[in-house]
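Following: one structure in C-alpha cells, then a few remarks.
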Amino acid sequence: MARILITSAIPYINGIKHLGNLIGSQLPADLYARYMRARGNEVLFLCATDEHGTPAELAAAKAGKPVAEYCAEMWQVQDRLGKGFRLSFDHFGRSSSPQNHKLTQHFAGKLAEAGLIREVSEKQVYSNADGRFLPDRYIEGTCPNCGYDKARGDQCENCTKQLDPTDLINPRSAISGSTDLEVRETKHLYLRQSAMRDRLREWIDSKTDWPVLTTSIARKWLDDGDGLQDRGITRDLDWGIPVKKGDQDWPGMEGKVFYVWFDAPIEYIACAAEWVDAGKGDDWERWWRTDKGAEDVAYVQFMGKDNVPFHTLSFPSTILGSGEPWKLVDYIKSFNYLNYDGGQFSTSQGRGVFMDQALEILPPDYWRWWLLSHAPETSDSEFTWEAFQQDVNKDLADVLGNFVSRITKFCRSKFGEVVPEGGTYGPQETALIAELQQRLDRYQAHMDAIEVRKAAAELRAIWVAGNEYLQAAGPWTVFKEDPDRAAAITRFALNLIPFYAGLSAPFIPDAAATMAGAMGVEPTWPDSAEAALHALPGGHPFTVPDVLFAKIADEDREEWAARFSGVRT
RNA sequence: GGGCCUGUAGCUCAAUUGGUUAGAGCAGAGCGCUCAUAACGCUUUGGUUGCAGGUUCGAGUCCUGCCGGGCCUACCA
C-alpha cells in the first residue's frame with residue numbers, strides 16, 4: 001500500500017468555473033484519487049479556493065459586498081458544485097484560512113532568514129479615484145505604436161507591442177475610467193529566484209518522466225534572456241495575507257499583503273492543516289514533512305498548462321529556499337484547454353457551459369464521462385453539443401446502460417430476480433475471463449500512468465466485451481433447449497455488473513453505485529477477472545435497476561445548444 | 001518579435017519513440033439477432049499523415065523552409 005498526496009490546482013474565487021476549468025485539473029485529479037483509493041492506497045486529496053488578488057476585490061465591489069463576505073459565499077457555491085460533480089476532496093479549503101496566513105508568513109520568515117528576500121523600491125501607478133495601486137493590466141490608454149485606444153498597460157492587444165503603463169497616451173483606470181492617476185513610490189519584497197536557479201535546474205533535470213509540456217515550460221523560464229528572474233511577492237492591496245516575517249512585524253511593509261501567487265500554492269500545505277483542524281484527520285505533517293513521515297509519500301499535482309511555471313519554479317523556490325524538509329512534488333500532470341464550439345470557454349466573457357448550468361441539465365456522470373474521455377492531454381480539445389450527445393448516448397446508454405438492462409430483465413423474465421443456479425462455465429466464459437484480465441491489466445497501467453483518455457477507451461472496451469459475449473452466447477435461444485446452460489450464461493453476465501461497477505466507479509461514481517446496489521454489493525476493485533466473475537453465487541438476489549442513463553434527445557441537444565450559444569449574463 | 005506545443009479518415013483520437021500493408025471509436029453502408037433504453041453483434045466504405053524539400057536501406061516519427069491552430073512571454077490568475 002502506497003501513500004499518495006494529490007492536489008488539484010486551486011480554482012480562483014472569482015465566479016463559477018466552467019467545464020474547461022473542471023477538466024483542466026479537478027476532474028482528472030478526482031479520477032486519480034478515486035482510482036488510487038480503490039486500489040487500496042492511502043490517499044490525501046486536497047483542493048481549495050484561491051481567494052486573494054485584485055480580481056476578487058473587484059468582483060466583490062461589483063457584487064456590492066465586503067470582499068471577505070463575497071469570498072465566503074463563493075466558497076460555499078464552489079464547495080456545493082464540487083460535491084455536485086462528486087469531486088472527492090478529503091478537504092476543500094480556502095487560501096484565506098488562518099492556517100494559510102500562518103504558514104505563508106512562516107515561509108516568508110524562513111526565506112528572509114536564508115537571505116532570499118530583498119526589498120525593492122519601485123514606481124507604480126496609483127489611481128486616486130479607485131484608492132488603489134493599479135496592476136499594469138488595469139490601466140488602459142492609447143497605444144503609442146498603433147493608436148489603438150484600448151491598449152492595456154502591459155501590452156497592446158491590437159498590435160501586440162509590449163508596453164509600460166507610462167508609455168500609454170491618455171492613461172486611465174480600467175476599473176473606473178478615471179484619469180486621475182499618479183506615479184507613486186512603493187516598496188516591495190522580491191523572492192530571489194535567481195539565486196535558486198541551479199538548484200531548480202538540477203531538480204527539473206532529474207524529472208525525466210515528466211511530460212514535455214511541463215518541463216519545456218520550466219526550462220524556458222530558467223534559461224530565457226538573463227535566466228530566472230526575481231519575483232515580487234507582495235502587493236499594495238487590502239485583501240490578502242498581511243506581510244509578516246513569521247509572527248513578527250516586517251518593518252516598512254505595514255499595510256501590504258503577499259502576492260496571491262505566493263500564498264496560493266502554500267495553501268496546498270495549509271489545506272492539510274485545515275483538514276486536521278476540521279476533525280477529518282489527525283496528522284498533516286506526515287503528508288508534508290519528510291522529517292515527519294512524508295518521505296514515502298508520492299505527491300502528484302494536477303493543473304492547466306498556464307499554471308506550470310508557478311508549480312515548477314515559484315512554489316519549489318519557496319519550498320527549497322525555506323531550508324526546511326517540506327515535500328516537493330513528484331509528478332505534475334498538466335492539461336491543455338477545452339474549447340467550446342469553435343472558441344474558448346471564458347469566465348470573464350461568460351462563454352460556454354458553467355458548472356452550475358451543467359448540473360441543472362444532466363447528472364454529473366454524463367459530464368464526468370465525456371470530459372474525462374476527451375481530456376485535453378496532448379493538445380487543446382473541443383466540446384460540441386453534437387459530439388457530446390452522440391458519445392454519451394452511445395457509450396453510457398447503449399453500451400453500458402443497455403447491457404445492465406438487457407441481462408437483468410432477461411434474468412427476471414426467465415429465472416426471477418435471483419442469480420440463477422445450475423450449469424457450469426465453459427470455453428466462452430474462460431475466453432472472456434482471459435480477455436477481461438488482459439484488458440484489466442491495460443486499464444490499470446493507463447490509470448497508474450494517468451493516461452486518462454486511454455484508460456477511458458479501455459474501460460469502454462471492457463463494457464463492449466459484455467455485449468459481444470451476450471450476443472455470441474445467446475442465452476435467450478439456448479434457454480429453449482438447455483435451461484441449465486442458459487442459467488450459467490446468465491449468472492456469468494450478471495457477475496459482469498459488479499465487475500463493471502468497480503472498474504467504472506472512478507469515472508462514473510453514481511452509476512457505479514447504482515449498478516453495484518442493484519446487485520446487492522458495494523463497488524469494489526476486483527483482484528482478478530477470474531475471482532470477480534465468480535463472486536455472485538447462484539441464489540443471490542438482485543433487483544432490476546431503473547434506466548441507468550436516459551438518452552439525450554435531439555430536442556434537448558438543440559435547446560441546450562441554443563441556450564448556451566451566447567454569453568452568460 | 002521570442003520560446004514551446006500542435007496539424008493523421010467526415011468527427012474525436014492511436015501508432016511500442018526510425019521499422020512490414022498508418023490503426024480504434026463515432027458517423028455512413030450492408031448483413032444478422034430479438035434479451036434489451038429502435039438497443040446489441042458481425043462485415044464494410046473511407047488516408048498523397050498541412051505543403052515543399054532533405055537525411056536514411058527505411059520517415060506519421062528526424063532536419064530545413066513555408067502555411068494554419070494553441071499556450072506562455074514574468075504586475076490577470
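Residue numbers begin at 1 in each chain, while the letters A, B, ... track the order of the sequences. Everything numeric here is computed off the predicted structure, so don't read it as measured data.
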Per-nucleotide protein contact string for nucleotides 7-18 of chain B (B base, S sugar-phosphate only, - none; heavy atom under 4.0 Å): -----SSSS---
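RNA chain B lies under 4.0 Å from at least one heavy atom of each of the following residues of residues 394-418 of chain A: A/Lys394, A/Ala397, A/Asp398, A/Gly401, A/Asn402, A/Ser405, A/Arg406, A/Lys409, A/Phe410. Residues of residues 188-197 of chain A that place a heavy atom closer than 4.0 Å to RNA chain B do not occur.
Counting only residues at least two apart or on different chains, no salt bridge (Lys or Arg N to Asp or Glu O under 4.0 Å) pair has a member in residues 409-420 of chain A. Listed by first then second residue, pairs satisfying salt bridge (Lys or Arg N to Asp or Glu O under 4.0 Å) with a partner in residues 477-497 of chain A read A/Glu429-A/Arg485, not counting sequence neighbours.
Here the separation of B/C31 from B/U6, taken at their C1' atoms, is 41 Å to the nearest Å.
Considering only residues two or more places apart in sequence or on other chains, A/Tyr70 meets the ring-ring contact (aromatic ring centres under 6.0 Å, His included) condition with none of them. With sequence neighbours excluded, the residues forming a side-chain contact (heavy atoms from CB on, under 4.5 Å) with A/Ala449 are A/Glu451, listed by chain and number. Under the side-chain hydrogen bond (donor to acceptor under 3.5 Å, both in side chains) criterion, A/Asp441 pairs with A/Gln437, sequence neighbours left out. Listed by chain and residue number, A/Gln389 satisfy the side-chain hydrogen bond (donor to acceptor under 3.5 Å, both in side chains) test with A/Asp554 (two or more places apart in sequence, or in another chain). Residues passing the salt bridge (charged side-chain N to carboxylate O under 4.0 Å, His left out) test with A/Lys454: none are found, sequence neighbours excluded. Shown here are the ring-ring contact (aromatic ring centres under 6.0 Å, His included) partners of A/Phe315, two or more places apart in sequence or in another chain: there are none.
Consecutive Watson-Crick or G-U pairs involving RNA chain B, each under 3.5 Å on both distances, make up stems of three or more pairs at B:1-7 with B:67-73, B:10-13 with B:23-26, B:28-32 with B:40-44, B:50-54 with B:62-66.
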